[in-house]
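The chains referred to below are lettered A, B, ... by the order of the sequence lines, with proteins before strands, and numbering in each begins at 1.
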There are 2 protein chains.
Amino acid sequence: MAQALGLSKAAMSGLARDLIQLGILREADTIYGQGRPSIRLDLHPDCAFFVGVSLLQDPAPMILGNLNGEIIARAEIPLSRDPAVIADAISEALPTLLSAHPVAAEKLAGIGVALSGFVDETRKNCVQSTLLNWQDVPLADLVRDKTGIETFLENDAKAVAVDEKLFGSAREIQNFSVVSLGDGIGCAHFIDGRLYRGNHGGAGEIAHCTIEPGGAPCRCGKRGCLDTVASMKAIKEMSRAEGFECVSLAEIENQASSGNTAAIRILHRAGSALGLAIANLIQMNDPGLILITHVEGSFDGLFGTVVNQAIETNVLPRYAGQTPIRIRRVDGDIWARGAASIAAHHFILGPNP
Amino acid sequence: MAQALGLSKAAMSGLARDLIQLGILREADTIYGQGRPSIRLDLHPDCAFFVGVSLLQDPAPMILGNLNGEIIARAEIPLSRDPAVIADAISEALPTLLSAHPVAAEKLAGIGVALSGFVDETRKNCVQSTLLNWQDVPLADLVRDKTGIETFLENDAKAVAVDEKLFGSAREIQNFSVVSLGDGIGCAHFIDGRLYRGNHGGAGEIAHCTIEPGGAPCRCGKRGCLDTVASMKAIKEMSRAEGFECVSLAEIENQASSGNTAAIRILHRAGSALGLAIANLIQMNDPGLILITHVEGSFDGLFGTVVNQAIETNVLPRYAGQTPIRIRRVDGDIWARGAASIAAHHFILGPNP
DNA sequence: ACACTAAGTTTAGAAAGTGAACAAATCAAC
DNA sequence: GTTGATTTGTTCACTTTCTAAACTTAGTGT
């Protein structure tokens with residue numbers, strides 16, 4: 001099976017034996033068919049461990065994961081805007097986290113940190129983060145100096161995309177985009193099986209696509225960005241401005257289904273905007289899958305319906321329905337998971353994947 | 001110099017000698033510095049020839065190109081909607097075209113055909129073309145059967161992008177997008193040094209991004225597509241609807257500069273729409289270059305100015321001006337050139353570039 | 001129990017790449 | 001000029017890696 005990837009049977013045989021001896025591969029199940037059964041190989045999950053930290057929440061989740069993408073242990077550290085304080089906190093929390101597994105400490109292969117903002121192509125420096133108020137912060141090296149472990153940064157949505165490609169539901173898909181709905185809107189593309197970071201690390205900045213030309217001012221400095229209309233933060237703020245305070249999408253959905261016209265209007269506006277942006281993404285990049293991850297509950301209410309409708313009506317009719325849209329409810333650890341995946345990705349595929 | 005690409009000096013030496021003996025490489029100029037001068041190698045332009053045909057115009061241009069991207073000969077064939085007639089016409093025009101160069105006939109390595117529409121991933125079949133009214137037409141095999149030469153199809157904008165990457169001004173750039181303005185609007189992306197065709201071959205269909213939600217109906221079936229506002233065809237139609245007939249952009253620019261408010265309005269609307277679409281492209285994909293090719297004259301009038309303004313105002317301020325926009329005036333042979341480049345691309349890089 | 005099939009292993013031999021030494025072509029300094 | 005420094009390009013013995021073909025192994029089908 002795996003031999004068709006360019007090598008002869010003999011070479012495979014030798015390589016596999018070496019890797020099994022090194023403890024990296026192991027023989028999994030046997031597949032019966034005609035002739036001698038074949039033995040499937042898989043990665044030995046205990047051969048490397050990774051730590052992931054999300055700087056999107058306070059407290060910041062920190063997880064220990066293995067090569068199967070399973071979470072082995074979890075901790076939290078207080079969020080800070082001071083890079084040195086964060087590096088210290090990670091370093092201090094590390095021993096406890098590693099104690100969850102007997103060999104994790106000696107086989108810790110990398111630390112990943114997910115944050116909202118731009119990361120340079122070395123994945124070592126945060127070029128800019130509005131949320132953290134950072135500019136050219138070499139956080140990866142700070143963490144590495146404190147912990148002695150190789151560390152990588154990544155944008156939140158890109159980290160989620162890598163997680164989905166390595167361990168999630170996009171494993172087999174070469175071209176897909178992740179749209180990650182949280183307080184903000186993130187997006188990242190996998191193209192030809194590789195994460196596409198863009199020329200300045202800014203690929204996927206869908207949140208600041210202009211959706212309503214001349215619309216409301218955005219904190220980024222321009223007007224009518226998708227972020228001002230369709231992010232959960234914007235939806236909640238609009239509901240507050242309309243006089244009914246809601247802390248979750250589900251609450252606004254409730255208001256809408258019980259006839260609150262303002263709530264209906266807000267969800268319509270947000271859903272159409274998000275749908276239009278996704279439709280433009282489909283037109284522009286023709287991905288094989290759009291994976292929408294959301295931390296809020298219900299995506300099957302008005303908001304989700306409008307999003308789907310808006311996608312349908314704004315995609316070339318020939319294509320309508322051709323691009324699968326997959327919705328995935330995720331928990332708040334998704335970014336920490338993604339961060340760990342960044343470290344795993346580097347471990348598996350090396351510096352130039 | 002070139003050795004740093006993974007091989008030792010010794011290996012390079014042997015390989016280069018072999019390729020020179022085969023007539024594929026040749027020793028070009030010598031570069032003097034400290035120490036023994038180095039000899040630059042380049043492709044021998046006479047080692048392979050390619051034919052390119054554009055089905056975007058009537059008559060359809062047909063060119064003979066070499067490995068340097070130079071046009072050696074040119075012909076025209078009548079355009080037809082019947083694939084068999086086209087294959088015949090190409091086959092009949094071939095001998096005359098090849099007679100322009102003594103060794104072209106024996107070293108003809110491929111034929112490329114550029115068309116407006118979708119091409120499958122084998123580059124052999126046209127899945128759909130509105131302009132030609134085609135659906136699942138295996139034109140490449142028809143041409144190959146008639147001529148005996150391996151043939152490849154490609155979408156017009158993608159062919160132009162390949163031309164720019166191989167022989168044009170984007171040779172060194174890994175990530176760029178081409179926006180090709182003709183009667184319609186085409187777009188194609190190079191990502192990580194490879195043409196990105198999209199999951200259904202539809203990447204770059206910027207012309208049918210919704211720019212004016214609920215706007216004018218488009219021939220594609222939806223509303224408010226960029227194509228209905230900013231294509232040269234649309235601009236000319238709008239001018240006709242306003243009562244002044246124009247056959248070129250330059251004419252409308254003239255009208256506008258002499259105070260015709262309708263002309264100014266049309267150019268403003270078209271320019272803002274195109275600029276917004278390009279801005280969204282930049283936000284979405286963060287390319288290292290946007291290359292706008294246009295066959296019409298003047299891009300330095302009102303239209304061009306508005307396009308540039310709209311890009312500036314709709315791109316994340318942090319990015320504004322970070323993405324170079326290059327404008328390139330091209331002649332009507334651009335698509336035939338691109339088509340030849342598709343064949344060259346296949347010759348140089350093989351089936352899976 | 002028998003052939004049949006396909007996976008995995010072993011072997012010798014070919015292919016391809018490496019490293020070090022060496023030859024060649026130029027510049028710079030005396 | 002001559003000499004030495006410098007860097008490119010070549011040669012050659014050696015090593016690594018892969019392949020092809022024969023062989024072994026572990027199942028299925030009759």
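Contacts of B:F167 classified as ring-ring contact (aromatic ring centres under 6.0 Å, His included), with partners at least two apart in sequence or in another chain: none. With sequence neighbours excluded, the residues that form a side chain to side chain contact (heavy atoms under 4.5 Å, CB included) with A:A343 are A:F50. Partners of A:R36 according to the side-chain hydrogen bond (donor to acceptor under 3.5 Å, both in side chains) rule, which considers only residues two or more places apart in sequence or in another chain, do not exist here. Not counting sequence neighbours, the partners of A:R74 by the side-chain hydrogen bond (donor to acceptor under 3.5 Å, both in side chains) test are A:E76, A:D333. For B:S341, the side-chain hydrogen bond (donor to acceptor under 3.5 Å, both in side chains) partners are B:D163, not counting sequence neighbours.
Here A:S8 does not reach the OP1 or OP2 of D:dC18: none of its side-chain N or O atoms lies under 4.0 Å away. Between A:R40 and the phosphate of C:dA7, there is no side-chain N or O to OP1/OP2 separation shorter than 4.0 Å. Between A:S38 and the phosphate of C:dA7, there is no side-chain N or O to OP1/OP2 separation shorter than 4.0 Å.
With rounding to whole Å, B:M12 atom CE is found 16 Å from D:dT11 atom C1'. Atom-to-atom, CG of A:D29 to P of D:dG27 comes out at 14 Å; the value is rounded to the nearest Å. Residue A:I39 contributes atom CD1, which lies 17 Å from atom P of C:dA6 at whole-angstrom precision. The distance from atom CG of B:D18 to atom P of C:dA16 is 10 Å, rounded to the nearest whole Å. Spacing between atom CD1 of B:I31 and atom C1' of D:dT6 amounts to 16 Å, rounded to whole angstrom units. Counting to the nearest Å, the P atom of D:dG9 and the CD atom of B:E27 are 9 Å from each other.
Distances from the side chain of B:A11 to the nucleotides C:dG8, D:dT19, C:dT18 place C:dT18 closest. Relative to the side chain of B:R17, the nucleotides D:dT19, C:dT18, D:dT11 differ in distance, and D:dT11 lies closest.
Scanning all heavy atoms of the two residues, the minimum distance from B:H189 to B:S177 falls at ND1-OG, 2.8 Å. Residue B:Y32 comes nearest to B:P37 through the heavy atom pair CD2-CB, 3.7 Å, listed as atom of the first residue, atom of the second, then distance.
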> Which letter, B, S or -, goes with each nucleotide of nucleotides 21-30 of chain C from 5' to 3', with contact meaning a protein heavy atom under 4.0 Å?
Replying inline: --BBBBSS--
